[in-house]
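Letters A, B, ... are given to chains in the order of the sequence lines, protein chains preceding strands, and every chain is numbered from 1. Please read these numbers as outputs of a predicted model, since none were measured by experiment.
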Amino acid sequence: MANKIISPVKGTRDFYPENMAVRTWLYGHMRAASETFGYQEYDGPFLEPIALYAAKSGEELVKEQAFVFPDRGGDLITLRPELTPTLARMVAQRQGQLYFPLRWWSFGPFWRYERPQKGRAREFFQWNIDMIGVNSPEADAELAAVGAEFFRRVGLSPDEVQILVNNRRLMDAQLDALEIPAAQRKAVFRLIDRREKMSPSAWEAYAEEIGLSSAQLQGLKDLLGNANLWEQSEELVRFFEAAEALGAREYLRYAPEIIRGLDYYTGTVFEARDRGGEFRAILGGGRYDNLVADVGGKPLPGVGFAMGDMVITLVLQKYGRLPELNTQPAGILVTVFDADHLLEAYRLAAEVRRLGYPTAVYPEPAKLGKQFKYADRIGARIALIVGPDELAQNAVAIKDLRTREQTTVAREQLGEILRMRLESS
RNA sequence: GUGGCUGUAGCUCAAUGGCAGAGCACCUGACUGUGGAUCAGGAUGUUGUGGGUUCAAGUCCCAUCAGCCACCCCA
């Protein structure tokens with residue numbers, strides 16, 4: 001038996017009803033946070049040509065981490081590893097008819113060919129939210145505020161999660177001052193990104209390896225130790241002022257070590273972490289001012305972030321913020337007294353549904369005890385019985401599965417009684 | 001792509017190289033119009049898969065697959 005079950009594809013997840021309930025719950029809060037700020041829902045194709053990503057997403061992403069396969073005509077197709085390039089294309093295609101600034105959000109599946117581990121699968125769901133057409137620190141702050149709004153809604157406090165913020169232009173200027181040449185910039189960004197993941201000695205050895213002088217290394221260490229560095233960036237000063245006005249300041253903190261991996265970020269970048277530092281980034285995003293032009297449109301600035309479903313779920317679990325979710329839509333189960341009363345049960349179920357209550361009916365005759373047990377196990381609150389006695393009186397027996405009390409009511413009173421029972425608690 | 005740990009009943013896990021087991025869950029009955037308790041009984045496995053060593057393998061060896069974890073990388 002067991003050996004005949006075909007394994008699911010590595011790194012995919014089956015969403016049983018209890019898992020699906022969590023996904024739907026997350027989706028609801030993402031929608032609420034997005035719509036509170038006036039963002040519109042959209043989506044793109046799950047399949048894209050590989051060329052869309054080749055331009056700007058970063059080589060690692062396309063070469064090593066995307067699912068790529070030839071279609072029957074021989075063209076290379078990619079299962080989308082991220083949404084931003086699709087968004088850039090969609091905007092570029094209708095650049096003339098869209099009205100800016102554009103505020104769009106989306107939630108859907110993405111694929112990434114990687115070794116699965118904690119907080120990461122090959123198929124995952126991701127919330128994307130972006131504002132296109134404005135280049136201002138205040139727009140950046142609004143996106144961060146949407147992230148903060150989401151955390152607030154799911155019950156995560158600023159003591160538990162924080163959005164760490166930096167700015168690439170600021171870091172570029174600082175690296176200029178240290179006379180670190182442009183050719184070395186990418187390697188140094190990577191070095192910064194790895195600061196907290198390596199031991200201090202290994203980190204310094206790595207710095208030396210990429211060609212930093214000891215003076216440059218000391219300068220870099222000073223930068224990364226300077227929690228007030230943001231005051232030297234007019235963009236970040238305005239960013240934090242706007243975040244304050246938006247009521248999101250308490251979730252934000254300046255962090256000079258935040259760089260982000262994607263090549264297309266040009267200004268402010270941010271990512272959310274749990275304060276224990278236990279998990280990888282909960283969300284990540286920033287400003288990208290060249291992306292629409294890179295896919296063939298006229299230049300348009302943008303800012304946005306993405307949040308995967310897995311890390312946020314781990315964080316919510318850690319802090320006990322995942323609610324008990326009801327996976328049973330039907331509060332009522334109609335029992336089947338015996339084979340002669342099967343259709344009577346079906347008629348009763350139809351009647352109760354017309355009254356507006358989701359109702360399941362036991363699909364075949366069985367011992368009543370078994371049916372009550374089933375009703376209890378699927379999470380129904382009320383069981384209804386129509387046997388010969390009830391039928392003779394044009395009545396229905398109502399059993400409350402929690403209190404175990406049972407009453408018989410006239411058929412025409414059924415709606416009223418059900419309303420009292422189901423809406424009382 | 002590299003490394004570590006783990007695969008035994010639906011679930012959680014036992015079994016000094018010597019007859020594959022327990023608890024929970026499940027099914028039946030005690031209870032022919034009533035679920036969670038109790039009691040009695042019952043079913044359940046090619047021990048992930050394929051090889052090898054051995055008189056004998058769940059146990060040792062090799063390979064492979066899967067899950068988890070770390071590295072890599074991160075949307």
For this session: May I ask you to verify whether the side chain of Q117(A) and the base of G67(B) hold a donor-acceptor pair under 3.5 Å?
Result: no
For this session: Please determine if a side-chain N or O atom of R115(A) lies less than 4.0 Å away from the OP1 or OP2 oxygen of G3(B).
Result: no
Exercise. Around atom CD of Q413(A), are there more than 12 heavy atoms of other residues, nucleotides or ligands at under 6.0 Å?
Worked result: yes
Exercise. From A75(B), G33(B), G1(B), pick the nucleotide closest to the side chain of A397(A)?
Worked result: G33(B)
Exercise. Between the side chains of E405(A) and T403(A), is a donor N or O closer than 3.5 angstrom to an acceptor N or O?
Worked result: yes
For this session: For the residue pair T268(A) and N167(A), confirm or rule out a side-chain donor-acceptor distance under 3.5 Å.
Result: yes
Exercise. Across the strands shown, which category fits F305(A) at heavy-atom distances under 4.0 angstrom: base, sugar-phosphate, nothing?
Worked result: nothing
For this session: State which of A25(B), C72(B), G36(B) makes the closest approach to the side chain of D376(A).
Result: G36(B)
Problem set entry | Residues R112(A), E123(A): salt bridge by 4.0 Å N-O rule | no
Exercise. Any donor-acceptor pair under 3.5 Å joining the side chain of Q406(A) to the base of U34(B)?
Worked result: yes
For this session: Please confirm whether R152(A) makes a cation-pi placement over Y251(A), using NZ or CZ under 6.0 Å from the six-membered ring centre and within 45° of the ring normal.
Result: no
For this session: Classify the nucleic acid contact of R194(A) as base, sugar-phosphate or nothing, counting any heavy atom under 4.0 Å across all strands shown.
Result: sugar-phosphate
Exercise. So, is R120(A) near the phosphate of A75(B), with a side-chain N or O under 4.0 Å from OP1 or OP2?
Worked result: no
Exercise. Quick one: stems for RNA chain B, with Watson-Crick or G-U pairs under 3.5 Å, at least three in a row?
Worked result: B:1-7 with B:65-71, B:10-13 with B:21-24, B:26-30 with B:38-42, B:48-52 with B:60-64
Exercise. K370(A) has a side chain; which of U28(B), G1(B), G33(B) sits nearest to it?
Worked result: U28(B)
For this session: Mark yes or no: R103(A) above the aromatic ring of F37(A), with NZ or CZ under 6.0 Å from the six-membered ring centre and no more than 45 degrees from the axis.
Result: no
